[in-house]
Amino acid sequence: MEVKTFPIAGLIEFVPRVFADDRGVFFETFSARLMAQAGADAQWVQDNQSNSKKGVLRGLHFQRPPHAQAKLVRVGQGRALDVAVDLRPDSPTYGQYQTVELAAARGNMLYIPIGFAHGFIALEDETIFLYKCSDYYAPSAEGGLRWDDATLAIDWGTEVAPLVSGKDNELPSFNDFVSPF
Ligand SMILES: Cc1cn([C@H]2C[C@H](O)[C@@H](COP(=O)(O)OP(=O)(O)O[C@H]3O[C@H](C)C(=O)[C@H](O)[C@H]3O)O2)c(=O)[nH]c1=O
């Protein structure tokens with residue numbers, strides 16, 4: 001398993017070794033030992049799945065403390081451009097974002113610590129997005145930021161207007177944001 005880090009501290013990409021043979025492929029999708037060795041040792045309590053058509057954009061979401069979530073995200077089918085925004089108030093990269101293309105064929109996954117907003121855009125139809133969360137769903141603690149916020153200026157890699165939920169289109173701007181982390 002290859003482990004990659006980014007200029008934004010705490011984000012870790014895991015790229016598994018893919019074993020291909022005439023039946024298909026095999027790769028490990030989770031190793032608690034490897035995660036702990038890499039410093040991504042959250043205690044996972046909930047698995048989520050969402051299926052999206054090409055062009056669906058979900059995000060930017062987080063849960064506020066005490067229900068803040070670390071996430072381990074991957075794609076089980078299709079491809080997605082994943083985005084993590086650093087909202088840790090003392091971070092030197094506060095307000096900066098990182099994109100990672102997640103592809104089912106590569107089996108790569110991204111560890112996102114507590115303190116980030118998360119979102120993705122599906123790059124193919126029937127993209128199956130799978131992720132582990134380190135705390136349970138807590139609707140009262142849900143927060144988020146506009147995917148198209150002018151200050152964050154995220155490059156989602158598409159000229160076509162994404163399909164966004166009404167709820168996500170009502171999320172606040174970064175200029176109005178006070179970090180709860
Ligand atoms: C997140 C969540 C949602 N739900 C219910 C609540 C709604 O009735 C329905 C759809 O929820 P929502 O529109 O928030 O789903 P997404 O837009 O995919 O939200 C997710 O999108 C981004 C990418 C994330 O990182 C978050 O984990 C999560 O916020 O599922 C649950 O029952 N449990 C849950 O953990």
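Values below: all heavy atoms of this structure, side chains included; hydrogens, waters and symmetry mates excluded. As the structure lists them, so they are numbered: ligands from 1, and atoms in each ligand from 1. Quantities reported herein were computed from a predicted structural model and do not represent experimental measurements.
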- Message: Suppose we screen for side chain to side chain donor-acceptor pair (under 3.5 Å). Which residues come up paired with E124, at least two apart in sequence or across chains?
- Response: R79
- Message: Checking side-chain hydrogen bond (donor to acceptor under 3.5 Å, both in side chains) between D82 and each of H118, Q98, K71, which is the one that passes?
- Response: H118
- Message: Using a 4.0 Å cutoff against the non-hydrogen atoms of N48, which atoms of ligand 1 qualify?
- Response: 35 (O)
- Check: Q69/D135 side-chain N/O donor and acceptor closer than 3.5 Å: no
- Query: Going by an N to O cut-off under 4.0 Å, is there a salt bridge joining K53 and D125?
  - Reply: no
- Item | atom 35 (O) of ligand 1: the protein heavy-atom neighbour that sits closest, reported with distance to 0.1 Å | Q46 NE2, 3.0 Å
- Task: Measure the distance from atom 6 (C) of ligand 1 to every protein heavy atom, then report the residue, atom name and distance (to 0.1 Å) of the closest one.
- Result: Y137 OH, 3.3 Å
- ligand 1 contacted by Q69 (non-hydrogen, < 4.0 Å): no
- Task: Establish whether atom 21 (O) of ligand 1 and some protein heavy atom are separated by less than 4.0 angstrom.
- Result: yes
- Is the closest heavy atom of Y131 to ligand 1 under 4.0 Å? yes
- Message: Protein non-hydrogen atoms only, distance under 4.0 Å: does atom 9 (C) of ligand 1 have such a neighbour?
- Response: no
- Query: Tell me, which pairs form a salt bridge (Lys or Arg N to Asp or Glu O under 4.0 Å) where one or both residues lie in residues 162-174, sequence neighbours left out?
  - Reply: E142-K167
- Query: Counting heavy atoms only, which of Q63, H61, K71, K167 is nearest atom 14 (O) of ligand 1?
  - Reply: K167
- Item | Shortest protein contact, atom 25 (O) of ligand 1 (heavy atom only) | H118 ND1, 2.7 Å
- Query: What about the rings of F120 and F129, do their centers lie closer together than 6.0 Å?
  - Reply: yes
- Task: Measure from the ring center of F116 to the ring center of Y97 and say whether it is less than 6.0 Å.
- Result: no
- Task: Classify the angle between the aromatic ring planes of W147 and W156 as parallel (below 30°), tilted (30 to 60°) or perpendicular (above 60°).
- Result: perpendicular
- Task: Taking atom 29 (O) of ligand 1 as the reference point, report whether a protein heavy atom occurs under 4.0 Å from it.
- Result: yes
- For atom 16 (P) of ligand 1, grab the closest protein heavy atom and report residue, atom and distance to one decimal in Å. R58 NH1, 3.7 Å
- Tell me which part of V73 gets within contact of ligand 1: side chain, backbone, both or neither, using heavy atoms under 4.0 Å. neither
